[in-house]
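Let me begin by handing over the structure; questions about it come next.
Naming: A, B, ... by sequence-line order, numbering from 1 per chain.
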2 protein chains.
Amino acid sequence: MVKVTINEDLRKERTTCTFNLEELTNFLDDGVENTKKRRKLEDFFLNDPRFKDEVPLEYLSHQEHYEQAIKKSCIFLTKIKEWEEISNSHTLQIYTDIWSSGIDTAIIKQSLPFAVHVVMFLPALIGNGTPEQIEKWVERAFKSAILGTYAQTELGHGTFIRGLETTCTYDPATEHFILNSPTLTSYKWWPGGLGHSCNYAIVLAQLYTQGINQGIHPFIVQLRDSETWMPMPGIKIGEIGSKMGMNSANNGYLAFDNVRLPRMHMLMKNSKVHKDGTYEKSPHEKLTYGTMILVRVLIVRTLVTTNLMKSATIAVRYSAVRRQSELKLGEREPQILDYQTQQYKLFPVIAICLAYKFAAKWLWDKYLLVKTQLEQGDLNQLPELHAMACCLKAVGSTDAAIGVTTCRLACGGHGYMNCSNLPNIYALITATETYEGENTVLLLQTARLLMKSYQVVLSGNGSVSTTLSYLKNYNNLKRLNWITTLECMSDAFFQVAGSKIEDCYFTIKRLVDSGFSQEDAWNQTSIKLTQASEAHCRAFVISAYIKTVIENTTLSAELKFVLTQLGQLICAHWILNRLGDFLQYSNLKPNNVYSVQTLLEDCLKHIRPNAVGLVDSFDIRDEILDSTLGSYDGNVYERLIEGANKSPLNKEPVNRSFELYLKPFLKSNM
Amino acid sequence: MVKVTINEDLRKERTTCTFNLEELTNFLDDGVENTKKRRKLEDFFLNDPRFKDEVPLEYLSHQEHYEQAIKKSCIFLTKIKEWEEISNSHTLQIYTDIWSSGIDTAIIKQSLPFAVHVVMFLPALIGNGTPEQIEKWVERAFKSAILGTYAQTELGHGTFIRGLETTCTYDPATEHFILNSPTLTSYKWWPGGLGHSCNYAIVLAQLYTQGINQGIHPFIVQLRDSETWMPMPGIKIGEIGSKMGMNSANNGYLAFDNVRLPRMHMLMKNSKVHKDGTYEKSPHEKLTYGTMILVRVLIVRTLVTTNLMKSATIAVRYSAVRRQSELKLGEREPQILDYQTQQYKLFPVIAICLAYKFAAKWLWDKYLLVKTQLEQGDLNQLPELHAMACCLKAVGSTDAAIGVTTCRLACGGHGYMNCSNLPNIYALITATETYEGENTVLLLQTARLLMKSYQVVLSGNGSVSTTLSYLKNYNNLKRLNWITTLECMSDAFFQVAGSKIEDCYFTIKRLVDSGFSQEDAWNQTSIKLTQASEAHCRAFVISAYIKTVIENTTLSAELKFVLTQLGQLICAHWILNRLGDFLQYSNLKPNNVYSVQTLLEDCLKHIRPNAVGLVDSFDIRDEILDSTLGSYDGNVYERLIEGANKSPLNKEPVNRSFELYLKPFLKSNM
């Protein structure tokens, strides 16, 4: 067992903190009550001894790993229901609380096989089912009496939903649909839990009725027999195989050979197929749009921020404990956190943790607002929500993947060990760069609204959404002199974003004017378009940060001071990383660059004494960090050795491969 | 079995190529003969059926994986000896050929447990042993009658060698040394193969004799009994545990409890301890320096270029096969390689493959030259070699890790699957960012020579090395107008590097003048110093590219034309990524940015028809790519399904976890 004394360096770090940790924790939780609630939730799940692993999963075979995940998942889901009763909360609320605290990955490191059941199968059933369909399936699904997944993506199609190839043809004679997978590329591929862990799926397929293709529609399909778990007739099913991470998600494949479904297995809340095969189109297709955005919002709100915070905590604490080299001859080796280059790697990550936390809060509030509006048929703010969810998911997940990598590399070789947890955190976060909308595709989605809005502003006809109102005045934000205040720097971000949007708009126009089709012109401008969306996103994140921190009247002066330094740091860091843009489009002149570099270096110095306090205030329990390098007590080296000795290879002094292979080999060479 | 017909899209791509593939292949191999030799070597190793896996290693447990690696390694090492006889080559030559072709990872995906035996144990033994010591151990080591590792790094010390804590104290009474691990942090940690696969090690320890610490010296230590493989008395040994990758490298830990060594176990070619304990210092410490540089040179020459080439091949071929979305309504879905954003991700990777290949060739030639000079006592070019090996290893491995990631993400979800091989390639290459000199530390090493050389140029006293001669004239490279020729752009890289070096020099000077110590001034300038080293490295890479391609008189006009486009692409890409530097320090003015952006976009268009041809000419066999997405025939989807069905979980329709956990859980919810 590792000793419980606190590492002396970490202990000292905790005495230099200039602000009240609990105040920041409460602020990040959005209130004292939420902090209390979160801690209770963590106690309830993480104190359960059934979740402790005897052998870390990295040492298991793929199959053992899966079996362990199913075992734990059953306990986990049961506990969620218990918590529902204890806390009187809704299931989805409990899940988002669990995701944003990171409890799920503390228990099942490589993803819950039933996550899609909760996030997609259930919402899709509720969103697309008729009242009878809801009655038939939703309660059983809520109780986990059936387990479902959402089968949209195919081997050959992810991004382009209209290109899906699975067919579902209505036969009025029998009042049944017939599902088929006509090609190799039409195999369903990727749905979480599909491999061996579900007995139902919502399947997206091309609907054919009366000889006409009516496009993609959702069907509910039983995949496995509830008693034997054998695949149903005509169903070919399995897992897609080993992945970079998320190996307990049990992503699966699925193919249909003339699978017959009763008519009522098409989810008919919106479009319908009548008994005789007549197709009735939905009058309000956009209404189902809201559910699609939810997952992207949740990625920003939970995965981006939680994984950044975990990584920052691990790397900062390790850097306070680790001592290396000499700054001055004969002096004690310094903590590596005292090296400017190390601060430059880690402190911007602390700052972006907060920046995305605040941006995600705005996005979540917006989502809740638009959801309410949609229920009343008001689609007004949907495009803005969609555009912001797209770019925040894209830029946020990219920044998070880079931030996590920076933290891992900042821990040197030890960060490469699985017991640091940094490799697993990376595998989880980099997956979000691809799933639920590939990031480049999402940036181009945002760009559509940017181009449309620029056109509106230019023409003077119509209005643009709040987050794009700067398009009306970014050119008037000129000041006489560049100063490194948050306000001036924030303006510069809008100048850059506005100018890049303008450049794209006129580039496309020029190409179209010179004879290119709109589509070709768009494709030939698409590098720039993705960059414009990114600039727009960063300008938004900075402004959300300022609104959240600077315009806040309840924060203590001490905390506001520290958060302002972090805001300055993130501005300076992002400006210097994209300096060309700022020199071209903002008030920043070449002779001002020095001031930004100095601001950056000063911020690093100022943040130094608060670095450990800041990550402590993220308040992430050791079970969630799950890291030899990052635990609260800082007993890094003891934990590393303890970690090594968990390897089954270390249970015997000599592995059997010696007698089998190595000894004969060595003898033959003597 | 996957069909052997070539995917139609790939077949077409191969008809549009404008240059002779074999010419480029030969050029990259440095001659027709080398291509032939490489292909023979590949045949010899890769056609051996004993290296085929029944179950891909991702599905094995950690222990099974290790045992499989040992089994294969014994065959592998035996075949190397066979090849030595067949080909009449030197061992080290064979190993570098194997590494630069990627044969090793085709056979043992997550690193050879005996790599350190060849790259470090043997060279260190030869470099540091007396003739008697060499006689005693080197031949046995060469024959693999003993297997060794190089135990330098400790749990608490990697970068700072002087800080190592293992002690070795001479006892003149018994004429023995006594090895001890006085602290937890003094455990040896990381040496490859140390865990369970070696019986010898060269151990670096603090030498104490006659009560005086004489610093770090090398000792040869037997770790395990040759007959039983049990650890020798006083030796605590094991593996360090599961890692992000390289899980067959069997990195180990090692601690000593009064381990006694005969005096002749200190390697005494240089410094000596006499019988009575008298210490005799080496007159030529720097002579052993050359071996240390070798590994860094090899990283650039083999790992950086090979892994980039593998990734580029996989992603480009997949992007030619993959079709998605609509560019124009009603038209066939385009190959994703036709999207500008996809070209922007992949074509620069093709270009940097070549750029690092050419830079590595320079570095290797330089290494061979300096090695010869060192043998004659000439240390003149050693600092330049050291500085260039440091920055090329640092910038090259960073660029490679980013390039591999870009390729993986460009393959969407399928790139996340282990059967794409991209996750494993990433795990291998990102490790090189840390080992054999952490990248930030290496950039600061290079910066030392940059500062020294700038001082020399400024004072006018003394000379600087060839790669730094631009410090004398970078300020005179002004032209009237910016043009996007390779020459003008290359000059701009030198202007940027020179200006950044100058800025660092005067920043340090200012700080020292204002009262800071030299060390504090250095630390406070270290962000800028790393950036100056990076700029220096990139300027060198660009100039090496131009020298290799443009100044080459034997290349055909067709090939030169394509390589020139790739050179322009890399210049444009790097300039736009660091645009702020170029606007500040080079002839590039804001109104020229447009021309660089246009050059970039034009290069993408021009390279498009040659993209598949270029990666084909890298001539990487399917066994080495080991990728469902990247094989020569492009049967991506067939291979993905075949890959999935290799999962042991798919061998049974129902996993036992259903009866054990899932069924009781579902029943309890009904």
Test: B:Lys345 and A:Glu438 ion pair at under 4.0 Å
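Answer for the salt bridge query: yes.
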Pick one of side chain, backbone, both or neither for A:His65, based on which atoms fall under 4.5 Å of a heavy atom in chain B.
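Neither; nothing under 4.5 Å.
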B:Ser657 versus A:Tyr66: any side-chain heavy-atom pair under 4.5 Å?
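In contact.
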If I take atom CD from residue B:Gln63 and atom CG from residue A:Leu60, how far apart are they, to the nearest 0.5 angstrom?
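CG of A:Leu60 is found 12.0 Å from CD of B:Gln63.
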Does A:Tyr594, at its OH atom, have more than 12 non-hydrogen atoms belonging to other residues, nucleotides or ligands within less than 6.0 Å?
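Incorrect, the count does not exceed 12.
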Side chain of A:His196, backbone of B:Leu649: donor and acceptor closer than 3.5 Å?
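At least one qualifying donor-acceptor pair exists.
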How about A:Tyr416 and B:Met246: do any of their side-chain heavy atoms sit closer than 4.5 Å?
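Side chain of A:Tyr416 against side chain of B:Met246, heavy atoms only: contact under 4.5 Å found.
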In the structure I gave you, are the side-chain heavy atoms of B:Thr405 and A:Thr405 within less than 4.5 Å of one another anywhere?
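They are not in side-chain contact.
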Report which part of A:Asp503 has an atom under 4.5 Å of a heavy atom belonging to chain B: side chain, backbone, both, or neither.
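It is neither, since no heavy atom gets under 4.5 Å.
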4.5 Å side-chain heavy-atom contact, A:Thr430 and B:Tyr426
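Side chain of A:Thr430 against side chain of B:Tyr426, heavy atoms only: no contact under 4.5 Å found.
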Any donor-acceptor N/O pair, A:Asn669 side chain to B:Arg140 backbone, under 3.5 Å:
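Not at all, since once roles are kept as given, no pair shorter than 3.5 Å links the two residues.
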Tell me, do B:Phe582 and A:Leu583 make a side-chain contact under 4.5 Å, heavy atoms counted?
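Not touching, per the 4.5 Å side-chain cut-off.
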Is a donor on one side and an acceptor on the other found under 3.5 Å between the side chain of B:Tyr59 and the backbone of A:Gly241?
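A pair under 3.5 Å: no.
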Sub-3.5 Å donor-acceptor pair from the side chain of A:Asn523 to the main-chain atoms of B:Tyr339, do we have one?
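No, A:Asn523 side chain to B:Tyr339 backbone: no donor-acceptor pair under 3.5 Å.
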Side chain, backbone, both or neither: which part of B:Glu326 has a non-hydrogen atom closer than 4.5 Å to chain A?
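Contact with chain A is through both the backbone and side chain of B:Glu326.
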Chain B contact via A:Ser517 - side chain, backbone, both or neither, heavy atoms under 4.5 Å:
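Contact with chain B is through the side chain of A:Ser517 alone.
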Under the 3.5 angstrom rule, does the side chain of A:Gln324 hit a backbone N or O of B:Thr159 as a donor-acceptor pair?
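It does hold such a pair.
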Taking the side chain as C-beta and beyond, is there a heavy-atom pair between A:Thr440 and B:Tyr344 under 4.5 Å?
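A:Thr440 does not reach B:Tyr344 side chain to side chain.
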Find the distance between CD (A:Gln340) and CD1 (B:Ile527) and round it off to the nearest 0.5 Å.
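Separation between the atoms: 3.5 Å.
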Cationic N near anionic O, under 4.0 Å, A:Lys663 to B:Glu227
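Judged by the 4.0 Å cut-off on N to carboxylate O distance, A:Lys663 and B:Glu227 do form a salt bridge.
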Are A:Ile70 and B:Phe665 side-chain neighbours, meaning at least one heavy-atom pair lies under 4.5 Å?
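No, every pair of side-chain atoms sits at 4.5 Å or beyond.
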Please report the interatomic distance CH2(B:Trp189) to CD1(A:Ile641), rounded to the nearest 0.5 Å.
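So the gap between those two atoms works out to 5.5 Å.
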Less than 4.5 Å apart, any side-chain heavy atom of B:Glu58 and any of A:Asn247?
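A side-chain contact under 4.5 Å is absent here.
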I need the minimum non-hydrogen distance between B:Gly158 and A:Arg322, along with the two atoms involved.
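For B:Gly158 versus A:Arg322, the nearest heavy atoms are N-NH2, 3.7 Å.
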